[in-house]
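Basis for what follows: all heavy atoms, side chains included, without hydrogens, waters or symmetry-related copies. Here, residue 1 is the first one in the sequence, and each next residue gets the next number.
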Amino acid sequence: MASASLLKVSPVIEKSEWVKGQSLRQPSTSIVRCPRVAPSGLTIRASSYSDELVKTAKTIATPGRGILAMDESNATCGKRLASIGLENTEANRQAYRTLLVSAPGLGNYVSGAILFEETLYQSTVDGKKIVDVLTEQNIVPGIKTDKGLVPLAGSNDESWCQGLDGLASRSAAYYQQGARFCKWRTVVSIPNGPSALAVKEAAWGLARYAAISQDNGLVPIVEPEILLDGEHGIDRTFEVAQQVWAEVFFYLAQNNVLFEGILLKPSMVTPGAECKERATPEKVAEYTLNLLKRRIPPAVPGIMASIMNFNLLFEISLNYVLIY
């Protein structure tokens, strides 16, 4: 597996960049006097799990290893089984997942594994808990916690990610079962705007998910995916990505999310899939790296990248590949 050094960035962001078209400046004629606040009131809180969250995030962000995404739903798993003539039964899904987690030397290359809910509570065909098989290989078990995308009312045919209802109790149960990190995927569509409503909903939803997850001991992977659909060029993708990530970190901070206890999964900055002007891997790497430098605080311990062209891994100098 390819590996690269940890990306270190020191972004400098103007306040006016946080929300496009809106000024964050205070009126020059006003003087606000604030009461004296104890130092503890100014710290970012992550409940009693702060130290564990930081340790978990660093473990997953170990150089040379990446995340195995094995969170296929039962329906998707059924398609894989059907391709080799097998029925979509729990026993066959169990055998398939046992094959994945028992691969020789898996822990040398994988630092975390995202599981489907059924898998988190499942055992191997030999009767051993799958989470125990993973932890014995120094692989951190994770869980997908969102409930999928649904239409966003009042938008331009855009979507939002549901699942905040009941997330705290689900996250607590997942932690008790052995999960230590989680994934939540929301999307932003460029051809459909993106509207200010959709961007804010994506950013706020990610921030609430991250805060609730940390409060229950899970390291959240923050993933606002910029969809590839459209005829737009790479500059338009870059513009939208800057806006989205600015709002994401603005609301993460508002929700007292511990930056040292999160992981990021940004999209590559590319032209739209239907754009006639294609970009070279070097150009994609340059734009993506510039985005990360401008938007990602240096406190974040790891950036998880889904990269189809492994040559980009070297160019972008990220430290992991998300394995699909």
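- The side chain to side chain donor-acceptor pair (under 3.5 Å) test with Glu72 singles out one residue from Arg80, Lys144, Arg97, and that residue is Arg80.
- Note that OG1 of Thr145 is 10.5 Å distant from CG of Asn216, once rounded to the nearest 0.5 Å.
- Within the 4.5 Å cutoff, the side chain of Val284 has no heavy atoms near those of the Val269 side chain.
- Note: Trp184 and Tyr209 have parallel aromatic rings, judged against thresholds of 30 and 60 degrees for the angle between ring planes.
- The closest donor-acceptor contact from the side chain of Asn255 to the backbone of Arg208 lies at 3.5 Å or more, if one exists at all.
- Side-chain N or O atoms of Ser111 include none that pairs as donor or acceptor with a backbone N or O of Ile139 at under 3.5 Å.
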Item to complete: Kindly indicate, with the supporting measurements, whether the criterion salt bridge (Lys or Arg N to Asp or Glu O under 4.0 Å) is fulfilled by Glu286 and Lys283.
Response: CA-CA 5 Å; Glu286 177 188 358; Lys283 189 171 186 179; over 6 Å; no
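- By the 4.0 Å N-to-carboxylate-O rule, Lys55 lies too far from Glu52 to be salt-bridged with it.
- For Ser102 (side chain) and Thr98 (main-chain N/O), a donor-acceptor pair under 3.5 Å exists by modelled atom type.
- Two residues are said to be in side-chain contact when any heavy atoms from C-beta on lie closer than 4.5 Å; Leu292 and Ile303 meet this criterion.
- When atom types are taken as modelled, the side chain of Asn192 and the backbone of Asp157 share a donor-acceptor pair closer than 3.5 angstrom.
- In this structure, Ser169 contributes its side chain and Gly166 its backbone to a donor-acceptor pair below 3.5 Å.
- The backbone N or O of Ile226 sits less than 3.5 Å from a side-chain atom of Ser267, completing a donor-acceptor pair.
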Discussion item. Walk me through whether Gln214 and Val219 qualify under side-chain contact (heavy atoms from CB on, under 4.5 Å).
Written reply: CA-CA 6 Å; Gln214 287 190 341; Val219 170; over 6 Å; no
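- Of the inter-residue distances, the one linking Leu134 atom CG with Leu115 atom CG reads 6.0 Å to the nearest 0.5 angstrom.
- Note: the hydrophobic cluster containing Ile190 does not contain Leu197 (ILVMFWY, side chain heavy atoms under 4.5 Å, direct or indirect links).
- Between Trp245 and Pro224, the closest side-chain pair of non-hydrogen atoms falls below 4.5 Å.
- For the residue pair Ser73 / Thr76, a side-chain donor-acceptor distance below 3.5 Å is found, with atom types taken as modelled.
- Gln254 places no side-chain N or O within 3.5 Å of a backbone atom of Phe250 that could act as its donor or acceptor partner.
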Fill in: Audit row: Tyr287, Asp235, side-chain hydrogen bond (donor to acceptor under 3.5 Å, both in side chains) steps and yes/no
CA-CA 9 Å; Tyr287 273 69; Asp235 288 303; 2.8 Å; yes
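- Proximity of Leu228 to Thr270: side-chain heavy atoms (C-beta onward) are separated by under 4.5 Å at one or more points.
- Heavy atoms from other residues, nucleotides or ligands lying under 6.0 Å from CD of Gln162 number more than 12.
- Without hydrogens or angle criteria, Gln243 side chain to Ala241 main chain gives no donor-acceptor distance under 3.5 Å.
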Practice prompt. Using the side-chain hydrogen bond (donor to acceptor under 3.5 Å, both in side chains) rule, take Glu158 and Ser195 through it: C-alpha gap first, then chi angles, then the decisive distance, then the call.
Written response: CA-CA 8 Å; Glu158 295 162 288; Ser195 66; 2.6 Å; yes
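- Clustering ILVMFWY residues whenever any of their side-chain heavy atoms sit less than 4.5 angstrom apart, transitively, puts Leu164 in the very cluster that holds Val257.
- Distance CG/Leu263 to CD1/Ile67: 6.0 Å, rounded to 0.5 Å.
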Item to complete: Please step through salt bridge (Lys or Arg N to Asp or Glu O under 4.0 Å) for the pair Glu247 and Lys200, ending with a clear verdict.
Response: CA-CA 7 Å; Glu247 292 218 33; Lys200 182 174 181 178; over 6 Å; no
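- Counting heavy atoms from C-beta on, the side chains of Ile143 and Phe116 never come closer than 4.5 Å.
- Follow the hydrophobic side-chain contacts under 4.5 Å out from Val244 and you never reach Val187; the two are in separate clusters.
- The side-chain heavy atoms of Glu90 and Gln122, taken from C-beta on, include a pair separated by under 4.5 Å.
- Residues Tyr121 and Gln177 are in side-chain contact: their nearest non-hydrogen atoms beyond the backbone lie under 4.5 Å apart.
- For the pair Arg170/Lys147, a side-chain contact is recorded, criterion being any heavy-atom separation below 4.5 Å from C-beta on.
- Under the 4.5 Å side-chain heavy-atom criterion for Ile, Leu, Val, Met, Phe, Trp and Tyr, Phe238 and Phe249 are members of the same hydrophobic cluster.
- The backbone N or O of Pro151 sits less than 3.5 Å from a side-chain atom of Trp160, completing a donor-acceptor pair.
- Comment: Glu136 engages Lys128 in a salt bridge, judged by a side-chain N to carboxylate O separation of less than 4.0 angstrom.
- Residues Phe181 and Tyr175 share a hydrophobic cluster, clusters being chains of Ile/Leu/Val/Met/Phe/Trp/Tyr side chains in contact below 4.5 Å.
- Put simply, the side chain of Arg185 never gets that close to the backbone of Asp146: no donor and acceptor are under 3.5 Å apart.
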